[in-house]
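The structure under discussion appears below in the form of structure tokens.
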Amino acid sequence: MAETVQKYDWTYTPLFEFERNFDDVYWIDWVDRHWFYTIPIGIVYVLSLWPLQKWMENRPPMKSRTPLIIWNFFLCIFSVTAAARGVPVLLLGIYRDGFLSTVCNNKYYNNQFGSIWGIFFVLSKIPELGDTYFIILRKQKLIFLHWYHHFSVMIFCTHLYGHRCSAAFWFSVMNFAVHAVMYTYYFIRAMGYRLPKYISMSVTTLQISQMFMGNFIVYYVYYQKRIGTPCQSYYTDLYYGMFIYGSYMVLFAIFFFNAYLKPKSQKKVKEVNGDTSPQKVQNGSMSSNGSHYANGVHHRSIKAEM
């Protein structure tokens, strides 16, 4: 386990009863002893993708929007609620304790700060794997970035939570905030509403910004530990974070280039029975004519999404 939690002189209020009664010590210890189960879960997830794609080859795609609407609705409500609870804690932490404390002090894992949302964050990464199955069932092409992100972030977040990694407080709050916007967007699109292109671009930019910030925090905490600042994050967790966030940033940069910067003349258009079929996917798939699929929903003139 990580170092002893430092004393604090403020808490985030008001707290709901279930937040106040959360046994943070028990659940963090439980995750620390069981986090490795996410590895076989992840392996089963990855190994299931190709057989399911083969099974769908000669079957019609799932046409009904209802399951997708319900799926995105619940993820939207969960993410918005979690962001509403986590973001104020982060902002108050920066205001009252300073930025350094929010990345180096793991006191925010205590239930006085509504830390039950930390375990909700970790557990949510398992059902979020369902995004991928919607893509396959709707017969949309799956790219590496999509399933790699779901697989790796599930293991990464669970491992860090069990270690009470101080830097992970930022990671969870950022993820909740981005997902609140992202799944709200997906829900609206699943309902069949068209939105301006700049909204999709804003969502993509927000996600890329999250990756940059994640890299900054990992290296900042590493630097602080090297100069002797007490930071409650293990070096091994920081090395893991460098790899994860580094790989995300490279993959996102490639995707961003293909989606927004690559000249249209270089994007190949594949015609099947007179219709343009998807060529690239991000949480779904994107076609070379400027359309894409996000979380199983087809979008026109919107190019990138996570």
Side-chain angles (χ1 to χ4, degrees), residues 1-6 8 11-12 15-46 74-75 78-79 81-83 85-87 89-90 93 101-131 148-179 210 214 217-218 221 225 230-245 248:
M1 297 292 291
E3 304 171 40
T4 303
V5 178
Q6 297 180 11
Y8 46 86
T11 59
Y12 177 58
L15 295 171
F16 295 115
E17 192 66 23
F18 72 89
E19 292 177 316
R20 191 179 301 112
N21 295 332
F22 176 62
D23 189 345
D24 53 281
V25 175
Y26 170 81
W27 281 105
I28 292 172
D29 180 65
W30 186 88
V31 172
D32 188 41
R33 289 182 287 108
H34 298 90
W35 72 268
F36 57 87
Y37 284 111
T38 58
I39 297 177
I41 291 174
I43 292 174
V44 171
Y45 159 72
V46 172
F74 281 108
L75 288 176
F78 169 72
S79 300
T81 304
R85 299 303 293 149
V87 171
V89 177
L90 177 60
S101 175
T102 61
V103 297
C104 281
N105 192 328
N106 64 13
K107 69 182 183 181
Y108 303 99
Y109 282 80
N110 286 275
N111 65 352
Q112 289 88 344
F113 297 94
S115 63
I116 190 173
W117 295 98
I119 190 68
F120 288 167
F121 170 71
V122 168
L123 296 177
S124 70
K125 296 306 161 191
I126 297 177
E128 281 181 8
L129 300 176
D131 283 345
Y148 167 70
H149 171 79
H150 277 290
F151 168 78
S152 59
V153 78
M154 174 181 61
I155 300 173
F156 177 60
C157 295
T158 309
H159 181 67
L160 265 59
Y161 182 82
H163 282 178
R164 300 186 76 121
C165 176
S166 59
F169 172 53
W170 266 87
F171 302 157
S172 61
V173 175
M174 286 194 300
N175 190 265
F176 276 144
V178 171
H179 278 205
Q210 177 190 355
I217 290 172
V218 167
V221 173
K225 286 180 69 70
C231 278
Q232 295 165 318
S233 295
Y234 291 122
Y235 277 115
T236 51
D237 293 337
L238 296 177
Y239 295 146
Y240 190 13
M242 291 175 186
F243 173 78
I244 290 294
Y245 274 109
Y248 291 166

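Side-chain atoms are counted along with the backbone in the values below, which use heavy atoms only and exclude waters and symmetry mates. Everything numeric here is computed off the predicted structure, so don't read it as measured data.
Taking 4.5 Å as the limit, every side-chain heavy atom of Trp27 sits out of range of all side-chain heavy atoms of Ser115. With contacts defined as side-chain heavy-atom distances shorter than 4.5 Å, the pair Ile244/Val218 does not qualify. Here the side chains of Lys125 and Val153 are in contact, with some heavy-atom distance below 4.5 Å. A 4.5 Å side-chain heavy-atom check between Phe120 and Ser172 finds every atom pair outside the cut-off. Ile119 has its side chain within reach of Tyr161: a pair of non-hydrogen atoms, C-beta onward, lies under 4.5 Å apart. Side-chain contact between Leu160 and Phe156 is present, with heavy atoms from C-beta onward closer than 4.5 Å.
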Take Val89 and Val173 through the test side-chain contact (heavy atoms from CB on, under 4.5 Å) and record every step on the way to the result. CA-CA 9 Å; Val89 177; Val173 175; over 6 Å; no

Check step by step if side-chain contact (heavy atoms from CB on, under 4.5 Å) holds for Phe169 and Asn106. CA-CA 8 Å; Phe169 172 53; Asn106 64 13; over 6 Å; no

Apply side-chain contact (heavy atoms from CB on, under 4.5 Å) to Phe171 and Asn175, showing your working. CA-CA 6 Å; Phe171 302 157; Asn175 190 265; over 6 Å; no

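Ser166 approaches Val103 most closely through the heavy-atom pair OG-O, 2.7 Å. Heavy atoms only, all atoms of each residue included: Tyr240 and Ser152 are closest at OH-O, 4.0 Å. Between Phe113 and Lys107, the shortest heavy-atom distance links the atoms CD1-O, 3.4 Å. Shown here for Glu19 and Ile116, the closest heavy-atom pair between the two residues is CG-CG2, 3.7 Å. Contact detail for Val87 and Ala177: the closest heavy-atom pair is CG2-CB, 4.2 Å. Pairing each heavy atom of Thr38 with each of Met154, the nearest pair is O-CE, 3.3 Å.
One finds the CG atom of Asp29 at 10.0 Å from the CG atom of Asp23 (value rounded to the nearest 0.5 Å). With values rounded to the nearest 0.5 angstrom, Tyr148 atom OH is found 9.0 Å from Phe151 atom CZ. The CD atom of Glu128 lies 11.0 Å from the CG atom of Leu123; values are rounded to the nearest 0.5 Å. The CZ atom of Arg164 sits 10.5 Å away from the OH atom of Tyr234 when rounded to the nearest 0.5 Å. In this structure, NE2 on His159 lies 8.5 Å from CG on Asp32, to the nearest 0.5 angstrom. The structure places CZ of Phe243 at 9.0 Å from OH of Tyr248, a figure rounded to the nearest 0.5 Å.
The backbone N or O of Cys165 lies less than 3.5 Å from a partner atom in the side chain of Tyr109, making a donor-acceptor pair.
Between Phe176 and Phe121, the distance from one ring center to the other falls under 6.0 angstrom.
Between Tyr239 and Tyr235, the two ring planes are parallel [angle under 30°; tilted spans 30° to 60°]. Relative orientation of the Phe36 and His34 rings is parallel, given thresholds of 30° and 60° on the angle between their planes.
No donor-acceptor contact under 3.5 angstrom links the side chains of Tyr37 and Thr158, judged on distance only.
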